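For reference, the structure is listed below as structure tokens.
Here the structure is a predicted model, which means the values were calculated and not measured. Note on naming: letters A, B, ... go to the chains in the order of the sequence lines (proteins, then strands), and numbering restarts at 1 for each one.
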There are 2 protein chains.
Amino acid sequence: MTRSEENYIKAIFHLGGNTPTLVATNAIAEQMETKPSSVTDMAKKLADKGFLNYQPYQGVSLTDFGIKTALSIIRKHRLWEVFLVRKLDFSWDEVHEVAEQLEHIKSEKLIDKLDELLDFPKYDPHGDPIPTKDGIFLERDKQLLSELPINTKGVCVGVKDTSSAFLKFLDKYNIALGKTIEVLEREDFDESLHIKMEGKELQISHQIASNLYVKKND
Amino acid sequence: MTRSEENYIKAIFHLGGNTPTLVATNAIAEQMETKPSSVTDMAKKLADKGFLNYQPYQGVSLTDFGIKTALSIIRKHRLWEVFLVRKLDFSWDEVHEVAEQLEHIKSEKLIDKLDELLDFPKYDPHGDPIPTKDGIFLERDKQLLSELPINTKGVCVGVKDTSSAFLKFLDKYNIALGKTIEVLEREDFDESLHIKMEGKELQISHQIASNLYVKKND
DNA sequence: ACAAATTTTTAGACGTCTCTAAATTCACTT
DNA sequence: AAGTGAATTTAGAGACGTCTAAAAATTTGT
Ligand SMILES: [Mn+2]
Ligand SMILES: [Mn+2]
Ligand SMILES: [Mn+2]
Ligand SMILES: [Mn+2]
């Protein structure tokens, strides 16, 4: 597996999930910041190698083997992100770029030992689940803050937008995973929310609320 | 800098050190397990980029910039080796292969934080010195065990042969860095040594003694 | 149902890194 | 000083991954 092949498989997984949906050539090209013609070439190669099914003009879908491969790369990516935050004091907006490189290191022992060092974390610093060694991958029960009803509370469990800009914005307002947020009021005009967090009230735009995942309190 | 360029620079440094000696094309090819013609191509490219001086038919020598680059790669390699041994319980014969990959990860912050996590180690698991962030690189005061006079003691500080086979052999006989060895007798016939280590006497071949570095006791 | 717009593929090319085979240069011996 | 053998470079090609431009297939809209 070359680095490029791994990146394509990861991109296709992110676009199609484990569903048998066909992922379009253009969608992959956009995700990878490359050209559709390059995607076609790679699709043929990955199909030959058994990672995906390629239907010309229709799109591609990962095989079971392809999904397994994707999960292994995602596992590595997210474990390294946890390592960087917990052991090397990186902030959550700095880890992705480095994890993009580290995820391609080939050593099963390395990743198993890293998992152990970190005490088998279930989620990465952005709240995304970490697949287990045997490919078990459970999406967390969560919803967007923007969809939380008025006068209910939820715990921050993840972000949808993982851009550095958004993460730094959250840092600035002390919004972090694990904190409890109560929705006080929703403005009809611009869908902005009045929320309460750690006793303090603040107002956040729809753009923020629709990129923050919460788990509703039981 | 591509991964291939980095590997060439590291190989050239290992062959020539910081001396202005010319390193031969064939020597580089052998070290890199590639063909001389490939080395010539790369030598031209690296000379263009300012990493080395290339004298056709004579060989190459690293520029100051090339040496600085080599030291930075070696620093990364050795810090990762320390990490693998100290934090992930790798044994000293397993780390090199993984460090060969990790040394190419590009992030200054990563390596500085790793250095800090490991408490700024001076030597790697094989006793080789780790260059500092600003390129200071001191060879340790050491000699081969085979050159230690009779009835003198020395502390194991490094290995010359870093092959997995040799390192595992040392493990088997409990020979490890930090242990004190006394030379009791040298057989003229095969240059094998009678040594004493931790109260126990054993006999080791010249091949072993000439691949183990010790620091003579004052 | 057909024309237009969009998506996807094909064809041909380029940069990087590698190789083999052949030519050239160097170093050593006589 | 010339000849021989080794080291090195050059020439030409292939694998990989990318691109642009053009062709083909599909989808969309009337
Ligand atoms: Mn990430
Ligand atoms: Mn993440
Ligand atoms: Mn090593
Ligand atoms: Mn080492």
Side-chain angles (χ1 to χ4, degrees), chain A residues 1-16 19-62 66 69-70 73 100-101 103-106, chain B residues 1-16 19-62 66 69-70 73 100-101 103-106:
Chain A
M1 288 231 73
T2 67
R3 171 172 303 222
S4 187
E5 288 171 351
E6 291 187 347
N7 285 333
Y8 273 96
I9 288 170
K10 194 167 53 118
I12 292 164
F13 182 89
H14 280 133
L15 291 166
T19 65
T21 330
L22 288 178
V23 178
T25 303
N26 268 8
I28 300 168
E30 195 174 334
Q31 173 89 13
M32 301 275 301
E33 295 181 41
T34 184
K35 301 294 166 185
S37 55
S38 305
V39 175
T40 301
D41 285 351
M42 185 58 88
K44 288 175 186 167
K45 185 154 61 125
L46 292 175
D48 280 349
K49 295 193 176 185
F51 293 107
L52 47 81
N53 297 306
Y54 169 50
Q55 294 182 237
Y57 293 101
Q58 302 305 311
V60 301
S61 61
L62 292 176
T69 305
I73 302 163
E100 284 290 308
Q101 300 179 60
E103 72 189 3
H104 301 291
I105 301 292
K106 279 158 192 63
Chain B
M1 289 232 72
T2 68
R3 171 171 304 221
S4 186
E5 287 170 352
E6 291 188 346
N7 284 333
Y8 272 96
I9 287 171
K10 195 167 53 122
I12 293 164
F13 182 88
H14 280 133
L15 290 166
T19 65
T21 330
L22 288 177
V23 178
T25 302
N26 268 7
I28 299 168
E30 197 174 331
Q31 173 88 14
M32 300 273 304
E33 295 180 42
T34 184
K35 300 294 166 187
S37 55
S38 305
V39 175
T40 301
D41 284 352
M42 187 57 88
K44 288 175 185 166
K45 185 155 61 126
L46 292 175
D48 281 349
K49 295 192 177 185
F51 293 108
L52 48 81
N53 297 305
Y54 169 50
Q55 295 183 237
Y57 294 101
Q58 301 305 311
V60 301
S61 62
L62 292 176
T69 304
I73 302 164
E100 284 291 309
Q101 299 179 61
E103 72 188 4
H104 300 290
I105 302 292
K106 278 159 192 62

Find the distance [X]:[atom1] to [N]:[atom2] and express it as a whole number of Å.
X: B:Leu46; N: C:dT16; atom1: CG; atom2: C1'; value: 13 Å
X: B:Glu5; N: C:dT18; atom1: CD; atom2: C1'; value: 14 Å
X: A:Met42; N: C:dT8; atom1: CE; atom2: C1'; value: 17 Å
X: B:Ile28; N: C:dT18; atom1: CD1; atom2: C1'; value: 16 Å
X: B:Lys35; N: C:dA22; atom1: NZ; atom2: C1'; value: 16 Å

Original post:
OP1 or OP2 of D:dA6 sitting under 4.0 Å from any side-chain N/O of B:Asn26?
Top reply: no
**OP:** Ignoring backbone atoms, test whether B:Thr34 places a side-chain nitrogen or oxygen under 4.0 Å from the OP1 or OP2 oxygen of C:dC19.
**Re:** yes
Subject >> Side-chain heavy-atom pair B:Asn7, B:Glu103 within 4.5 angstrom cut-off >> reply: yes
Original post:
Are B:Val39 and B:Met32 side-chain neighbours, meaning at least one heavy-atom pair lies under 4.5 Å?
Top reply: no
**OP:** Please identify each residue that fulfils side-chain hydrogen bond (donor to acceptor under 3.5 Å, both in side chains) with B:Glu5, with sequence neighbours left out.
**Re:** B:Lys45, B:Lys49
**OP:** Return the set of residues passing ring pair (Phe, Tyr, Trp, His ring centres under 6.0 Å) with A:Tyr8 (not counting sequence neighbours), or none when no residue passes.
**Re:** none
**OP:** Give the intermediate values and the outcome of side chain to side chain contact (heavy atoms under 4.5 Å, CB included) for residues B:Met42 and B:Ile28.
**Re:** CA-CA 11 Å; B:Met42 187 57 88; B:Ile28 299 168; over 6 Å; no
Show me the protein contacts with nucleotides 9-12 of chain D, counting only N or O atoms at under 3.5 Å.
{"residue": "D:dT9", "atom": "OP1", "partner": "B:Tyr54", "partner atom": "OH", "Å": "2.3"}
{"residue": "D:dT9", "atom": "OP1", "partner": "B:Tyr57", "partner atom": "N", "Å": "3.1"}
{"residue": "D:dT9", "atom": "OP2", "partner": "B:Thr25", "partner atom": "OG1", "Å": "3.1"}
{"residue": "D:dT9", "atom": "OP2", "partner": "B:Thr40", "partner atom": "OG1", "Å": "2.5"}
{"residue": "D:dT9", "atom": "O5'", "partner": "B:Tyr54", "partner atom": "OH", "Å": "3.3"}
{"residue": "D:dT10", "atom": "OP2", "partner": "B:Lys44", "partner atom": "NZ", "Å": "2.2"}

